[in-house]
Amino acid sequence: MPQFAPLQNDTFLRALLRQPTEHTPVWLMRQAGRYLPEYRATRERAGSFLGLAKNPDYATEVTLQPLERFPLDAAILFSDILTVPDAMGLGLYFADGEGPKFERPLRTEHDVKALQVPDLASLDYVFKAVTQIRTELNGRVPLIGFSGSPWTLACYMVEGSGSKEFHTIKKMLYNRPDLMHHILAINATSVAQYLNAQIDAGAQAVMIFDSWGGALADGAYQEFSLAYMQQVVAQLKRDKDGVKIPAIVFTKGGGQWIEQIADIGADAVGLDWTVNLTRARQLVGHKVGLQGNLDPAILFASPEQIRAEVAKVLNAFGAPSAGTGHVFNLGHGISQFTPPESVHAMVEAVHSMSRAMRSGQ
């Protein structure tokens with residue numbers, strides 16, 4: 001196992017663990033991506049999105065790009081949530097302008113029963129990238145590893161692509177819940193093993209993205225998404241060499257279930273932009289830290305307006321007190337059309353305003 005440089009800025013990790021911080025840490029979902037011209041140039045060299053994601057050198061390069069521009073408090077591995085079903089043999093590909101698709105979606109009982117936890121060796125390119133990124137960060141900030149949630153992965157695996165209505169998977173869920181649970185159980189084991197391998201490779205925190213949990217009805221969410229995220233969290237390595245490894249869970253559209261999400265054993269809960277942070281903090285108490293939740297569209301406004309909206313988010317959470325923690329983030333991924341200077345304005349505002357709040361100025 002490589003020896004990594006000591007961490008110089010652990011503000012992000014301390015906030016997740018609800019320890020005191022000098023400022024509110026900030027990072028962005030999709031912070032390495034298409035809004036940066038340098039990312040687009042690297043992707044062109046790589047030839048395709050998968051060519052980028054499956055090459056540790058390129059993945060390292062694009063993971064570090066936003067940190068060269070902005071004083072962010074964390075790096076997040078550049079990868080895709082669909083690496084796991086790809087390793088299960090479903091045949092991931094990207095159609096031009098259409099997003100990810102699978103050649104062999106799970107449509108029949110035979111397909112589902114044949115599904116197996118993938119051999120982690122087939123995902124070695126991810127773990128190599130984690131180690132390389134952590135090495136090149138040289139202790140600047142922590143590195144976040146991640147995976148899609150069992151339910152979100154299942155949505156792509158059954159639908160065969162992204163969806164607005166989720167008719168195919170919901171039909172399976174209601175007609176054949178036994179098959180649905182079979183897929184989710186295999187996904188939960190796979191995700192836990194995948195995240196633990198990222199931790200072994202050098203990830204200092206992990207995040208579970210439940211992008212489509214909000215598509216489920218109340219009751220179905222708890223049974224088919226939350227229960228399986230809880231299974232993943234229960235299997236995670238929570239410390240490495242005596243250092244805690246925080247876990248974050250994020251259900252987009254999950255605001256009505258904050259208290260239940262806070263009970264599954266993660267260290268922090270990510271919130272989308274529809275959630276009132278003041279209320280969320282009251283509901284979770286000292287159980288978890290909170291992450292979020294600026295509307296990404298605000299980054300198309302003027303710098304003055306961005307600062308005003310940052311202030312609203314910071315004030316909604318309030319000054320952190322003992323046993324609470326807040327990581328500033330967007331309420332979902334950054335838009336590819338976002339001007340980079342808007343990100344700079346936001347990060348600067350988060351740091352300066354949160355420092356002033358703590359000093360009482």
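Values below: every heavy atom of this structure, side chains too, minus hydrogens, waters and symmetry copies.
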field: Any residue meeting side-chain contact (heavy atoms from CB on, under 4.5 Å) with Glu159, in chain and number order, not counting sequence neighbours
entry: Ser163, Phe166, Thr168, Ile169

query: Looking only at side chains, do Thr11 and Asp73 share a donor and an acceptor under 3.5 Å apart?
result: no

query: Would you find a donor on one side and an acceptor on the other, under 3.5 Å apart, between the side chain of Gln8 and the backbone of Asn138?
result: yes

task: Would you mind checking if Lys170 and Glu165 are paired as a salt bridge, meaning a charged N to carboxylate O distance below 4.0 Å?
output: no

query: Do other residues, nucleotides or ligands put more than 12 heavy atoms under 6.0 Å from Arg279 CZ?
result: no

- prompt: Is a side-chain donor or acceptor of Thr131 paired with a backbone partner of Ala201 at a separation under 3.5 angstrom?
  reply: yes

- line: Of all heavy-atom pairs linking Val288 and Arg18, the shortest is C-CD, 3.4 Å

statement: Value for NE2 (His326) from OG1 (Thr21), rounded to nearest 0.5 Å, stands at 10.5 Å

Euclidean distance, Leu28 CG relative to Tyr35 OH, rounded to 0.5 Å: 5.5 Å

- prompt: Does any N or O in the side chain of Arg281 come within less than 3.5 Å of the main-chain N or O of Thr324, such that one atom is a donor and the other an acceptor?
  reply: no

query: With no hydrogens and no angle check, do the side chains of Thr63 and Glu136 hold a donor and an acceptor under 3.5 Å apart?
result: no

- prompt: Quick check: does any side chain N or O of Asp267 sit under 3.5 Å from a backbone N or O of Arg238, one acting as donor and the other as acceptor?
  reply: no

Arg104, CZ atom: more than 12 neighbouring heavy atoms under 6.0 Å: yes

message: Please check this pair: side chain of Asn293 against backbone of Val275, looking for a donor-acceptor N/O pair closer than 3.5 Å.
response: yes

message: Is there a side-chain contact (heavy atoms from CB on, under 4.5 Å) between Asp241 and Phe4? Walk through the geometry before answering.
response: CA-CA 12 Å; Asp241 303 325; Phe4 298 118; over 6 Å; no

field: side-chain contact (heavy atoms from CB on, under 4.5 Å) assessment of Val310 paired with Met346
entry: CA-CA 7 Å; Val310 165; Met346 184 203 76; 3.8 Å; yes

message: Using every non-hydrogen atom in the two residues, find where Ala205 and Leu16 come nearest and quote the distance to one decimal.
response: CB-CD1, 4.3 Å

field: Main-chain N/O of Glu38 paired with Gln65 side-chain donor or acceptor, under 3.5 Å
entry: yes

task: Check Tyr39 against Ala32 and note the closest heavy-atom contact, atom names and distance.
output: CD1-C, 4.4 Å

field: Parallel, tilted or perpendicular, as decided by the 30° and 60° cut-offs, for the rings of Phe209 and Phe250
entry: perpendicular

field: Distance (rounded to the nearest 0.5 Å) between Asp86 CG and Lys54 NZ
entry: 4.0 Å

- request: Output the distance between atom CD (Glu348) and atom CE (Met353), rounded to the nearest 0.5 Å.
  value: 8.0 Å

task: Heavy atoms only: give me the nearest Ala129-Thr60 pair and the separation to one decimal.
output: O-OG1, 4.0 Å

- prompt: Looking only at heavy atoms, which two atoms of Gly51 and Ser48 are closest? And how far apart?
  reply: N-OG, 2.9 Å

task: Could you grab the distance from atom CG of Leu115 to atom CG of Asp111, nearest 0.5 Å is fine?
output: 9.0 Å

message: Is it the case that the ring center of Phe224 lies less than 6.0 angstrom away from the ring center of Tyr174?
response: no

- request: Check Ala59 against Ala53 and note the closest heavy-atom contact, atom names and distance.
  value: CB-O, 4.4 Å

message: Please check: side-chain N/O of Ser190 versus main-chain N/O of Val117, any donor-acceptor pairing under 3.5 Å?
response: no

message: Let's go through Ser147 and Gln198 carefully: what are the C-alpha distance in whole Å and the side-chain angles of both, what is the deciding distance for side-chain hydrogen bond (donor to acceptor under 3.5 Å, both in side chains) to 0.1 Å, and is it a yes or a no?
response: CA-CA 10 Å; Ser147 173; Gln198 290 183 41; over 6 Å; no

query: Roughly how far, to the nearest 0.5 Å, is the CD1 atom of Ile258 from the CD atom of Gln282?
result: 10.5 Å

query: Is the backbone of Val350 close enough, under 3.5 Å, to the side chain of Ser354 for a donor and an acceptor to pair up by distance?
result: yes

message: Just checking Glu22: does its CD atom have more than 12 heavy atoms from other residues, nucleotides or ligands closer to it than 6.0 angstrom?
response: no

Student check: side-chain heavy atoms of Lys244 and Leu17 closer than 4.5 Å: yes

- prompt: Is there a side-chain contact (heavy atoms from CB on, under 4.5 Å) between Asp200 and Phe127 once you walk through the steps?
  reply: CA-CA 8 Å; Asp200 285 340; Phe127 314 132; over 6 Å; no

- prompt: Taking the side chain as C-beta and beyond, is there a heavy-atom pair between Leu90 and Tyr156 under 4.5 Å?
  reply: no

field: side-chain contact (heavy atoms from CB on, under 4.5 Å) partners for Lys312, two or more places apart
entry: Glu309

message: Is there a side-chain contact (heavy atoms from CB on, under 4.5 Å) between Trp273 and Leu330? Walk through the geometry before answering.
response: CA-CA 7 Å; Trp273 65 83; Leu330 303 177; over 6 Å; no

- prompt: Just checking, any donor-acceptor pair under 3.5 angstrom between side chains of Asn187 and Trp151?
  reply: no

- prompt: When you measure from the side chain of Gln235 to the backbone N and O of Gln231, does any donor-acceptor pair fall under 3.5 Å?
  reply: yes

